Amino acid sequence: MSARDIIVIYEKLSDADKALIEKAFVVAEKAHATHTRYSGEPYMNHLAAVGTKLAEMGMSARTVAAGLLHDTVEDTDITPEYLLEEFGEEILFLVEGVTKLSSVRYYGSDRHNESLRKLLIATSQDIRVLIIKLADRLHNMQTLQYVPAEKQLRIARETLEIYVPVAHRLGMGRIRKELEDLAFPYVYPEEAERVQKVLKTKAGKATELLERERKILQKRLAEIGLLDFKTSYRVKGVYSLFHKLKRKEWDISAVYDLMAMRVVVPTVEDCYRTLGIIHKLWRPLPGRVKDYIAFPKPNGYQSLHTTVATPNGIILEIQIRTERMHHESEFGVASHISYKEQTQTGKTSDGKSLFGSLIPSLFRPFSRPKSTGNEIKRTKDSAHSEKIPRWIAQIGQIHSKGKSTTAEFVEDAQTDFFSKRIFVFTPAGDVVDLPVGATPVDFAYAIHSEVGDHIFGAKVNKKLVQLDTELKNGDIIEIETRKSSQPTAKWLSFVKTSVARRKIKASLEENGTSS
Ligand code: MN
């Protein structure tokens, strides 16, 4: 694997972008030279795989470079200062964002999970951080068999509970399917085996049968003068099949979308025309026609669906969509970001504003590094904004209708609760939520009163800080305690939580230093 292998994925790339990918590749390779994966492979294989996935999604060279470098700050001698110097602020921002996310950990309770998903989105600040993280997770799942057994279950669970829903809400269908099918056998081994067994009875010859029907349809479409189309097929993913089988009492003949064929045509008109042709060719099943073009799914998905019975006795779901709808259903928000990235001009220095430009008020409630006054210059282009689907454009708007949409999901991240609370981490990755303005003292008391009562010093993101330092979303806090240390009255002037206030007062009275 070399930088070349990534560069060739692009149809065209400027010389500067090629050089950037090459440089990031070389730096990462050198920095991780002595590291290996659990499989024994060079660590660089992981980074190259992440970079490749990002390139395949159409992300920019800068995002790919950040993908290649995503583990450097955490695992190597490379410093943030070095990245800033060599790669600029934007790439540093992305790498540090991914590094921060590595402390988001799954702890098992459902209530906690929803917060974690929101937290993941909220602390990412820039959606590209999340996209890099998803690519990272995908490759880690693809190589999970090499990871020590005791870690596999936690990672797979975390994938199903946290990353899969996030990918789904972001409309990233391809990565979602891959993640869930990879995680499924680890989390539900018996069920996965059962699904495989059921699947074998039915889908053993699936691709063969699908291929035959596909040829028939291809021929028909060509006869009718629709020449510019693509067809493909897919067998339903095992995890989503599992959920459907549960609903159908494990009767696979009641699962009509086990096999699906996709027809990708140039225009929306062609979609409806193709539907007509298909219904003339094969008998549609009643009540199975779904017009997700006129009525997109909550996560933005668009297609026409119909289920037909062919004379060969096959029941087949057919999905008809345009190229753009297809790309969006595969890559979701990434397809919009990549588009946006390509329209940016000039050197970027403030990575966040890229997302900000797409989704104006999304993360405003959260702390953001100060502007360098050197933001990307953006040209307003109405043709482009029309391409941004409504569901993305709506993100950040206030009204919601009770249904769970991507917009509302992300929007939730800035509802009262989330705008008045911050989430910080223990060094072990536990999440602690605190009110905005909270300090290390509030944090310490939130952990345990014994910790609060004996604070000696505090580190935020590994740097020593004053005890009245205001904490920010995503900070990692470390409290050093000494038996001899005691609260002082001064603490009362800056703590934000009532717990801390109460405990400090109690301790002051006990030690007779309150007056
Ligand atoms: Mn990684």
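Indexing begins at 1, ligand by ligand and atom by atom, following the structure's order. Keep in mind it's a predicted model, so treat the numbers as computed, not measured.
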message: Could you identify the N, O or S atom of D136 positioned closest to the Mn ion (ligand 1)?
response: OD1
- prompt: Within the stated cut-off of 2.8 Å, is an N/O/S atom of H46 closer than that to the Mn ion (ligand 1)?
  reply: yes
message: Looking only at side-chain N and O atoms, does H35 offer a donor or acceptor that is under 3.5 Å from a partner on D75?
response: no
task: Report yes or no: do H46 and D136 form a side-chain donor-acceptor pair below 3.5 Å?
output: yes
- prompt: What N/O/S atom of D71 gets nearest to the Mn ion (ligand 1)?
  reply: OD2
- prompt: Below 4.0 angstrom, N of the basic side chain to O of the carboxylate: do E180 and R176 qualify?
  reply: yes
message: We want to know whether R262 and T231 form a side-chain donor-acceptor pair, criterion being a heavy-atom distance below 3.5 angstrom.
response: no
